[in-house]
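Inspection log for the structure reproduced underneath, given as structure tokens.
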Amino acid sequence: TIGNSKAEIKVSPNPVKNQRIYLKMTGIEGGKYNAVVINKQGQIVASTTVNHPGGSSSIIIAPDRRLSTGVYSIKLVNGNKSYYDSFVIE
């Protein structure tokens, strides 16, 4: 972690509108990560590669196909490091 900040990801705003997922990364070590969006059935519905410079930054994930209204999870993974958040698609 950087300073006393907690390493985390957060989808904001939540609920997501217009099929654009804004992912804020805070205090996360730099590197290449896989960002995976998972529906409530556990299926991967979108994924992308993120080259995170380290510290705090934001990315926009625009899924290839329209996501149905509902609750989703997002997972950011690099080796043994994983970060999670949940969000709603309106």
Minimal heavy-atom distance between Y22 and P13, with the atoms involved, is CD1-CD, 4.3 Å
Nearest non-hydrogen partners of S56 and G27, listed with the distance
OG-N, 3.6 Å
Just by distance, do the side chain of N18 and the backbone of R20 share a donor-acceptor pair under 3.5 Å?
no
Once rounded to the nearest 0.5 Å, what's the spacing between atom OG of S57 and atom CD1 of I28?
8.0 Å
If you look at every heavy atom in A7 and Y83, which pair is closest and at what distance?
CB-CE2, 3.8 Å
Nearest non-hydrogen partners of V50 and A35, listed with the distance:
CG2-CB, 4.0 Å
K10 and D85 have their tightest heavy-atom pair at CA-OD2, 3.2 Å
Nearest-0.5 Å distance that lies between atom CD1 in I74 and atom CG in L76:
7.5 Å
Taken in chain and number order and not counting sequence neighbours, the residues that satisfy salt bridge (charged side-chain N to carboxylate O under 4.0 Å, His left out) with K17 are E90
Atom pair CD1/OG of I38 and S47 - distance to nearest 0.5 Å
10.0 Å
Distance, nearest 0.5 Å, that separates OG1 of T49 from CG of N78:
11.0 Å
Specify the closest pair of heavy atoms between K75 and Y84, including all atoms of both residues, with the distance to one decimal.
CD-CE2, 3.2 Å
Going only through I, L, V, M, F, W and Y residues with side-chain contacts under 4.5 Å, is there a path from I9 to V36?
no
Could you work out, with salt bridge (charged side-chain N to carboxylate O under 4.0 Å, His left out) as the rule, every residue matching K81, not counting sequence neighbours?
E29
In one Ile/Leu/Val/Met/Phe/Trp/Tyr side-chain cluster, 4.5 Å: Y33, V45
yes
Quick check on N51: does its CG atom have over 12 non-hydrogen neighbours (other residues, nucleotides or ligands) under 6.0 Å away?
yes
Sequence neighbours excluded and cut-off under 3.5 Å, please list the side-chain donor-acceptor pairs for residues 58-72, or say none.
unit_1 : atom_1 : unit_2 : atom_2 : d
Y72    : OH     : S68    : N      : 3.2
Y72    : OH     : S68    : O      : 2.8

